[in-house]
Amino acid sequence: MSAPDVREKRRRWRPELGLALLVLGLGVVVVLGTLDVSAAASRLGLGPRFFPTLVGGAMILIGLFYVVDVLRGGRGDPEESEDIDPDAPADWRSVGLVSGVFLGFTALLNLVGWIAGAALLFFGMSVALGAEHKVRAALLGAALGVGTYLLFVKGLGVSLPAGGDLSGIVPSAD
């Protein structure tokens with residue numbers, strides 16, 4: 001390869017192109033992964049393939065536009081974030097708390113069910129990320145737990161674990 005060819009290749013291949021191809025590839029993987037899903041449509045007429053296909057299609061579209069933009073010379077904007085200290089150490093306490101809350105949620109989900117588990121997840125995440133009003137965070141967590149349960153069970157027909165003693169109280173997908 002001559003020197004101009006090498007420079008041309010370097011000019012075209014940049015980290016932005018790698019990210020664009022990654023987004024495009026993940027979109028294709030998501031769409032292809034939904035082809036194996038077979039289940040009846042929900043009461044809203046949307047089956048379990050609808051949202052993954054929508055997200056995968058959007059990723060493909062965004063990835064294609066991003067690839068075209070990078071190949072036409074587009075570049076990522078330089079860092080213009082908030083006033084931060086790049087020399088400040090990582091907040092490992094928050095990372096540990098968020099990880100612990102999520103791992104606790106996955107461990108307790110089948111035992112306590114979706115509503116209680118999701119309420120604890122939302123509450124724990126908000127507290128770990130610095131919520132000042134704990135009662136408000138608990139109430140919002142409970143509302144989000146019930147809301148997401150009803151959305152998935154009644155709206156999409158997806159079964160979620162109701163929990164040990166809640167199986168007769170909360171509505172099922174049937």
Side-chain angles (χ1 to χ4, degrees), residues 19 22-63 66 79-174:
L19 180 62
L22 179 69
V23 170
L24 179 63
L26 286 175
V28 169
V29 168
V30 168
V31 169
L32 291 177
T34 60
L35 296 178
D36 293 339
V37 176
S38 63
S42 70
R43 293 180 184 147
L44 294 177
L46 305 175
R49 281 193 272 185
F50 177 75
F51 287 107
T53 303
L54 184 70
V55 169
M59 289 176 70
I60 290 171
L61 192 64
I62 290 169
Y66 196 17
E79 181 65 35
E80 294 180 12
S81 64
E82 296 179 20
D83 188 21
I84 59 168
D85 181 9
D87 298 324
D91 185 8
W92 290 109
R93 179 182 175 276
S94 293
V95 172
L97 286 171
V98 166
S99 300
V101 167
F102 184 75
L103 290 174
F105 167 72
T106 58
L108 292 174
L109 182 60
N110 285 328
L111 181 65
V112 300
W114 178 266
I115 294 175
L120 290 172
L121 172 72
F122 293 130
F123 171 73
M125 288 293 186
S126 65
V127 170
L129 295 174
E132 294 179 12
H133 304 284
K134 309 284 191 282
V135 174
R136 183 186 314 160
L139 292 173
L140 285 172
L144 286 169
V146 170
T148 55
Y149 184 85
L150 292 175
L151 174 71
F152 279 97
V153 170
K154 289 298 189 182
L156 298 175
V158 176
S159 65
L160 294 174
D165 294 332
L166 296 176
S167 57
I169 299 171
V170 295
S172 66
D174 299 329

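Considering every non-hydrogen atom in both Val31 and Thr53, the closest pair reads CG2-O, 4.3 Å. The two residues Pro52 and Thr34 come nearest to each other via the heavy atoms CB-CG2, 3.1 Å. In terms of heavy atoms, Leu26 sits closest to Met59 at CB-CE, 3.4 Å.
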- Message: Phe105 vs Leu120, test: side chain to side chain contact (heavy atoms under 4.5 Å, CB included). Steps then yes/no.
- Response: CA-CA 7 Å; Phe105 167 72; Leu120 290 172; over 6 Å; no
Contacts under 3.5 angstrom, residues 126-146 side chains, donor-acceptor by atom type, not counting sequence neighbours:
unit_1, atom_1, unit_2, atom_2, d
Ser126, OG, Phe122, O, 3.2
Ser126, OG, Phe123, O, 2.8
Lys134, NZ, Ala131, O, 3.2

Listing, residues 95-104 side-chain donor-acceptor contacts under 3.5 Å, not counting sequence neighbours, or none:
unit_1, atom_1, unit_2, atom_2, d
Ser99, OG, Val95, O, 2.8

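With rounding to the nearest 0.5 angstrom, the CG atom of Leu160 is 8.0 Å from the CG atom of Leu109.
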